[in-house]
Amino acid sequence: MSADGFTNGPPPGARDDWTIDQGWAGYTAAEHQVWITLYERQAALLDGRACAPFLKGLEALDLHRSGIPDFARINVELNRLTGWSVVAVPGLVPDAVFFDHLANRRFPAGRFIRKPDELDYLEEPDIFHDVFGHVPMLTDPVFADYMQEYGKGGLRAMQRGQLAHLARLYWYTVEFGLLQTPDGVRIYGAGIVSSRAESIFALEDPSPNRLGFDLERLMRTPYRIDDFQQVYFVVPSLQDLLDATLQDFAPIYDRLARAIDIPIAAILPTDLVITDGTQAYAVARPVAQ
Ligand code: HBI
Ligand code: FE
């Protein structure tokens with residue numbers, strides 16, 4: 001059993017790199033309708049909430065088409081813009097496989113879409129989370145470089161046994177990151193932008209902390225997988241995010257190996273505090289035991 005719980009090779013029908021054909025012609029009208037419902041809900045609330053590179057990417061890839069996008073179609077423009085491609089996978093893939101795809105500018109996306117009765121939450125990332133949430137930012141050249149660097153860093157982190165710390169960087173940026181802009185704080189994280197409730201909560205609710213991005217501090221901070229985040233980190237720019245990832249992580253990992261985690265709701269004297277949250281939401285919803 002490998003560290004991420006995968007025991008053997010790709011499932012039947014998948015290639016050695018765990019990719020499968022998207023089989024776009026096989027989606028039913030009901031599945032396309034789920035995409036349209038989710039898309040229209042998010043599109044109605046993302047003006048003034050999603051960052052400009054995200055909105056620009058949504059337009060560039062023409063994702064507002066009626067229904068589940070055909071990867072073969074969106075990859076033409078995505079490739080032209082940043083050299084990235086979306087590849088279909090059966091679901092979560094082993095970390096090493098995931099990082100290798102990112103390191104080669106391939107974003108693994110689930111081909112399945114959630115059921116009409118699970119629009120608001122699902123265990124595993126589906127095609128709406130992966131393609132609506134993650135792919136528009138891959139049209140931004142700086143973020144496209146960041147995601148490739150993250151993939152390379154993931155492979156290195158695995159060799160050093162530091163994956164848990166690095167996974168927090170992915171979680172607090174790629175999934176739940178916020179961006180400082182002249183118009184205010186905006187969303188770039190896929191987990192937020194693909195969720196109606198969290199798109200509102202992450203920016204407007206007084207409950208969570210919002211802190212300035214600090215790579216090493218963030219890598220010492222646990223995260224929630226079962227509910228809204230209790231802390232969000234705000235990057236000054238996507239370039240700052242990329243620059244932070246281009247540095248040598250070896251000394252950082254050495255310090256992290258001796259450091260203790262920071263309690264999830266804590267605010268440190270060294271933190272740049274944008275919101276000192278009430279944590280009222282988290283207190284009212286204790287972690288499911
Ligand atoms: N596989 N398909 C898929 N999508 C992910 O987001 C993903 C994955 N495997 C591993 C993984 N994410 C995380 O463990 C990494 O972020 C560390
Ligand atoms: Fe994701």
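In each ligand, atom 1 is the first atom listed, and ligand 1 is the first ligand listed. One is the number of the first residue; the rest follow in order along the sequence. The figures here come from the full heavy-atom set of this structure, side chains too, leaving out hydrogens, waters and symmetry mates.
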Assess, by modelled atom type and distance only, whether the side chains of Asp261 and Thr221 contain a donor and an acceptor separated by less than 3.5 Å.
no
Would you give the angle at the Fe ion (ligand 2) between His134 atom NE2 and His129 atom NE2, to the nearest 10°?
100°
Short question: side chain of Gln247, backbone of Ala244 - any donor-acceptor pair under 3.5 Å?
yes
Aromatic rings Trp24 and His32: how do their planes relate, parallel, tilted or perpendicular, breaks at 30° and 60°?
perpendicular
Please test Phe233 against Thr173 for side chain to side chain contact (heavy atoms under 4.5 Å, CB included), starting from the C-alpha separation and ending with a verdict.
CA-CA 7 Å; Phe233 291 93; Thr173 59; over 6 Å; no
Please tell me whether Asp17 and Thr19 have a donor and an acceptor in their side chains that are separated by less than 3.5 angstrom.
yes
What protein heavy atom sits nearest atom 16 (O) of ligand 1, and how far off is it?
Tyr170 CD2, 3.5 Å
Atom name, Glu175 (N, O or S, nearest to the Fe ion (ligand 2))
OE2
Identify, by atom number and element, the atoms of ligand 1 in contact range of Leu92, meaning under 4.0 Å from any of its heavy atoms.
1 (N), 2 (N), 3 (C), 4 (N), 5 (C), 7 (C), 8 (C)
Do Tyr170 and Tyr150 have ring centroids that are under 6.0 Å from one another?
yes
Distance filter under 4.0 Å to Phe99 heavy atoms, resulting ligand 1 atoms:
17 (C)
Could you say whether the N/O atoms of Asp95 and ligand 1 ever approach to under 3.5 Å?
yes
What protein heavy atom lies closest to atom 8 (C) of ligand 1? Include the residue and the distance to one decimal.
Phe98 CD1, 3.5 Å
Hey, are Gln239 and Tyr146 close enough side-chain-wise for a donor-acceptor pair under 3.5 Å?
no
Take every heavy atom of Gly154, measure it against each atom of ligand 1, and state whether any distance is under 4.0 Å.
no
Counting from 1, what ligand 1 atoms have a heavy atom of Gly91 closer than 4.0 Å?
2 (N)
Ligand 1 to Val93, heavy atom cutoff 4.0 Å, flagged ligand atoms 1 (N), 2 (N), 3 (C), 8 (C), 9 (N), 10 (C)
